[in-house]
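See below for the structure under consideration.
Just so it is clear, the values below take in all heavy atoms, side chains as well, and ignore hydrogens, waters and symmetry mates.
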Amino acid sequence: VQLQASGGGLVQAGGSLRLSCAASGRTAGNYAMAWFRQAPGEEREFVCAISGSGGSTDYADSVKGRFTISRENAKKTVYLQMNSLKPEDTAVYYCAADPLYQTISTMPPAYWGQGTLVTVSS
């Protein structure tokens, strides 16, 4: 499975961005997908996840109510809609995939994409 993230950029606080992650590979469309982020000098942290069917989602408390994860399995693409962005959301955002939704937020996912930088100015 290969993952290609895109959509990062510079935005002012309160603004919005949408990240995309395109997956390739025979089974990629059925895998759970997640977004993680790593701020400068910080550990990588879980942001949100979505099950293979799209029927279940999970969010870190810090982004609940502001971020929305979704997927289009026909396109093997996952999206992260980020609204009401804050300077503390500044980070490199990584998409990840794993066969198991139940552990994708707590165990290192099997597959990682390259990061895309999101910078939120105050």
Side-chain angles (χ1 to χ4, degrees):
V1 175
Q2 293 185 325
L3 304 172
Q4 180 73 40
S6 61
L10 174 64
V11 63
Q12 288 188 331
S16 298
L17 274 177
R18 189 176 82 155
L19 306 183
S20 299
C21 177
S24 61
R26 187 174 59 183
T27 59
N30 298 321
Y31 282 12
M33 301 287 290
W35 289 95
F36 290 76
R37 67 186 182 186
Q38 187 168 19
E42 302 289 332
E43 297 285 322
R44 189 175 299 184
E45 65 174 358
F46 169 77
V47 176
C48 58
I50 189 166
S51 62
S53 68
S56 296
T57 56
D58 186 24
Y59 295 90
D61 288 343
S62 58
V63 306
K64 279 181 182 176
R66 300 188 299 121
F67 290 12
T68 302
I69 188 171
S70 61
R71 66 189 298 158
E72 287 189 73
N73 282 351
K75 296 183 178 181
K76 295 184 179 179
T77 300
V78 172
Y79 304 99
L80 179 61
Q81 179 65 44
M82 304 185 294
N83 298 329
S84 301
L85 282 161
K86 305 175 182 180
E88 51 262 44
D89 294 317
T90 295
V92 177
Y93 284 71
Y94 298 89
C95 62
D98 197 272
L100 296 178
Y101 171 71
Q102 292 84 347
T103 57
I104 198 169
S105 65
T106 57
M107 299 291 290
Y111 305 97
W112 292 88
Q114 93 294 355
T116 186
L117 177 63
V118 173
T119 303
V120 184
S121 63
S122 57

Item checked: Heavy-atom check, side chain of Val63 versus side chain of Arg37, under 4.5 Å -> yes

*For the side chain of Gln4 and the backbone of Gly113, is there at least one donor-acceptor N/O pair under 3.5 Å apart?*
no

Would you say Val11 and Leu19 are hydrophobically clustered, going by side-chain heavy atoms of ILVMFWY under 4.5 Å?
yes

Tell me whether the rings of Tyr93 and Phe67 are parallel (<30°), tilted (30 to 60°) or perpendicular (>60°). tilted

Of Leu80, Thr57, Ile104, the one forming a side-chain contact (heavy atoms from CB on, under 4.5 Å) with Ile50 is Thr57

For Gly7 and Thr116, the nearest pair of non-hydrogen atoms, with its separation, is N-OG1, 4.1 Å

One should read off an interatomic distance between Met33 CE and Asn30 CG, to the nearest 0.5 angstrom, of 11.5 Å

**Prompt:** Is the charged tip of Arg18 near the ring of Tyr79: under 6.0 Å from the six-membered ring centre and within 45° of its axis?
**Reply:** yes

Q.
Applying a strict under-4.5 Å side-chain criterion to I, L, V, M, F, W and Y, I'd like to know whether Phe46 and Trp112 cluster together.
A. yes

So CD of Gln114 and OG of Ser6: to nearest 0.5 Å the spacing works out to 8.0 Å

Distance col, row Ser56:OG vs Ile69:CD1, nearest 0.5 angstrom, shows 11.5 Å

List the steps and the verdict of side chain to side chain contact (heavy atoms under 4.5 Å, CB included) for Val78 and Trp35. CA-CA 9 Å; Val78 172; Trp35 289 95; 3.7 Å; yes

Residues Ala13 and Ser122: closest non-hydrogen pair is CB-CA, 4.3 Å

(message) If you define the side chain from C-beta out and look only at heavy atoms, does anything of Pro109 sit under 4.5 Å from Tyr31?
(response) no

Taken to the nearest 0.5 Å, the spacing of Arg66 CZ from Met82 CE works out to 9.5 Å

For Lys76 and Ser24, what are the C-alpha separation, side-chain angles and deciding distance, and is it a side chain to side chain contact (heavy atoms under 4.5 Å, CB included)?
CA-CA 7 Å; Lys76 295 184 179 179; Ser24 61; over 6 Å; no

When rounded to the nearest 0.5 Å, the distance separating CG of Leu17 from CG of Asn83 is 9.5 Å

Quiz prompt | Heavy-atom check, side chain of Leu100 versus side chain of Met107, under 4.5 Å | solution = no

**Asked** Salt-bridged, Asp89 to Lys86, with N to O below 4.0 Å?
**Response** no

Item checked: Sub-4.5 Å side-chain heavy-atom contact between Tyr101 and Ser53 -> no

Rounded to the nearest 0.5 Å, the CG atom of Leu117 sits from the OG1 atom of Thr90 at a distance of 8.0 Å

Residues at least two apart in sequence or cross-chain that pass ring-ring contact (aromatic ring centres under 6.0 Å, His included) with Tyr59, listed by chain then number, are none

